[in-house]
Amino acid sequence: MKLVKTIKEIREIVSEWKKEGFTIGFVPTMGYLHEGHQSLIKNALENDKVIVSIFVNPIQFGPGEDFATYPRDIDRDMEKCSEAGADLIFAPLPEEMYLNDFSTFVNMTGPTDDLCGKTRPGHFKGVCTVVNKLFNIVAPNKAYFGEKDAQQLAVIKRMVRDLNINIEIIGCPIIREKDGLAKSSRNTYLSVEERKAALVINKALTGGKNMIQNGEKNPDKIVSAITSVINEEPLAKIDYIKIVDADTISTVSEINGNILVAAAVYIGKTRLIDNFITGEN
Ligand code: AMP
């Protein structure tokens with residue numbers, strides 16, 4: 001597994017690969033990789049070469065969030081990448097990505113206004129800026145994002161459309177633990193007791209999904225059913241439960257078309273997100 005830390009070197013490698021006619025798949029991550037990330041890498045193997053970026057992006061974390069404590073282990077990540085079949089890891093230092101007088105940002109309105117964009121102000125400005133930079137540096141043919149971060153996927157698709165970025169964005173399904181908890185690097189923060197309590201998120205969402213499958217069309221009723229299941233768990237504190245259009249992330253008055261049912265819940269001090277999308281063709 002080749003590890004590249006500078007923009008200059010990755011550009012040289014990518015340009016050699018392109019000269020040879022190779023297609024490039026790109027998987028942007030913050031590292032501490034698990035099977036969710038590995039499934040993205042495996043999807044990206046449809047390209048000739050697969051690049052994984054590992055970068056805990058300081059500008060997408062708000063004050064008081066977990067930037068400093070976010071788990072980091074590059075040796076472990078190199079193993080996970082090679083196991084999944086990636087060719088190269090790009091892991092720049094923050095100072096390589098952000099010069100002291102860095103001052104250009106990608107600022108989106110619309111799909112970023114609600115859900116995580118609302119409760120984590122500035123988060124998507126940081127995400128869009130870093131993903132745009134990584135796209136410019138890596139210049140892949142296709143980039144792979146998880147439906148686990150469904151709003152992020154909608155935001156990146158919108159950015160690519162609006163800014164005419166010539167990269168195909170591929171969404172990949174949520175990978176879960178055997179007991180249903182969505183895999184996340186942040187699950188490592190959970191104590192044994194919290195890990196058990198975290199199951200309430202998927203349990204509540206599954207209840208909501210069943211309501212929709214049984215014909216419920218009223219979003220408020222579904223949100224309130226999900227809310228009461230989560231509120232039964234003493235260690236859980238809801239950040240938001242929302243039902244929105246999966247592409248525009250705007251509020252819907254009826255369950256119809258591509259609908260995203262999204263939850264952000266604190267389990268103790270750890271903020272976890274999960275969702276399901278319904279009505280997809
Ligand atoms: P992160 O390292 O958390 O920023 O995630 C990097 C990419 O992996 C994002 O596109 C995430 O949506 C995706 N991802 C994270 N967890 C999962 C999961 N459990 N299933 C599928 N994709 C995931």
Side-chain angles (χ1 to χ4, degrees), residues 25-45 50-62 65-67 69-74 76-78 80-81 83-84 86 89-92 94 97 111 115-117 120 123-124 126-135 138 140 142-160 167-190 195 198-199 201-202 205 246 249 260 262-265 270-277:
F26 178 45
V27 180
T29 81
M30 297 205 298
Y32 215 72
L33 305 180
H34 50 68
E35 284 162 32
H37 301 107
Q38 286 182 312
S39 80
L40 269 49
I41 296 171
K42 286 176 189 162
N43 278 295
L45 293 175
V50 176
I51 298 177
V52 178
S53 67
I54 294 178
F55 182 60
V56 186
N57 176 32
I59 68 165
Q60 73 186 65
F61 289 79
E65 290 188 348
D66 57 343
F67 172 69
T69 54
Y70 198 85
R72 293 159 167 93
D73 186 339
I74 193 70
R76 184 178 171 280
D77 286 344
M78 283 172 72
K80 297 269 176 197
C81 278
E83 211 177 88
I89 295 179
F90 176 53
M97 292 292 276
L115 314 192
C116 293
R120 301 183 69 189
H123 171 66
F124 284 116
V127 169
C128 287
T129 301
V130 81
V131 171
N132 201 23
K133 281 171 67 68
L134 289 167
F135 281 178
V138 174
K142 297 184 182 183
Y144 298 78
F145 290 84
E147 288 171 1
K148 156 97 175 357
D149 299 83
Q151 183 178 20
Q152 172 173 273
L153 176 59
V155 164
I156 298 300
K157 283 183 175 165
R158 175 67 65 92
M159 178 179 82
V160 162
I167 296 170
E168 190 181 342
I169 303 302
I170 314 283
C172 306
I174 302 177
I175 304 298
R176 298 180 179 279
E177 303 288 352
K178 281 197 182 71
D179 60 10
L181 179 67
K183 285 189 183 262
S184 165
S185 310
R186 289 189 168 101
N187 291 350
T188 53
Y189 297 149
L190 301 170
R195 174 66 183 75
L199 291 178
I201 305 171
N202 183 239
L205 286 172
I249 316 293
L260 167 66
V265 179
T270 303
R271 184 178 176 280
L272 299 177
I273 57 171
D274 198 352
N275 70 78
F276 67 88
I277 296 179

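For ligands, and for the atoms within them, numbers begin at 1 and follow the listed sequence.
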Location of contacts on [X] toward ligand 1, heavy atoms closer than 4.0 Å:
{"X": "Leu40", "result": "side chain"}
{"X": "Pro28", "result": "backbone"}
{"X": "Glu147", "result": "neither"}
{"X": "Cys172", "result": "neither"}

Residue, atom name and distance, where the atom is the protein heavy atom closest to [atom]:
{"atom": "atom 1 (P) of ligand 1", "result": "His37 NE2, 3.6 Å"}
{"atom": "atom 11 (C) of ligand 1", "result": "Asp149 OD1, 3.0 Å"}
{"atom": "atom 22 (N) of ligand 1", "result": "Gly146 CA, 3.5 Å"}
{"atom": "atom 4 (O) of ligand 1", "result": "Met30 CG, 3.6 Å"}
{"atom": "atom 20 (N) of ligand 1", "result": "Ile175 N, 2.9 Å"}

Any ion pair linking [Y] and [X] (charged N to carboxylate O, less than 4.0 Å)?
{"X": "Arg176", "Y": "Asp274", "result": "yes"}
{"X": "Arg195", "Y": "Asp179", "result": "yes"}
{"X": "Asp66", "Y": "Arg186", "result": "yes"}

Is the positively charged end of Arg76 above the ring of Tyr32, judged by distance under 6.0 angstrom from the centroid and angle within 45° of the axis?
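The answer is yes; both the distance and angle limits are met.
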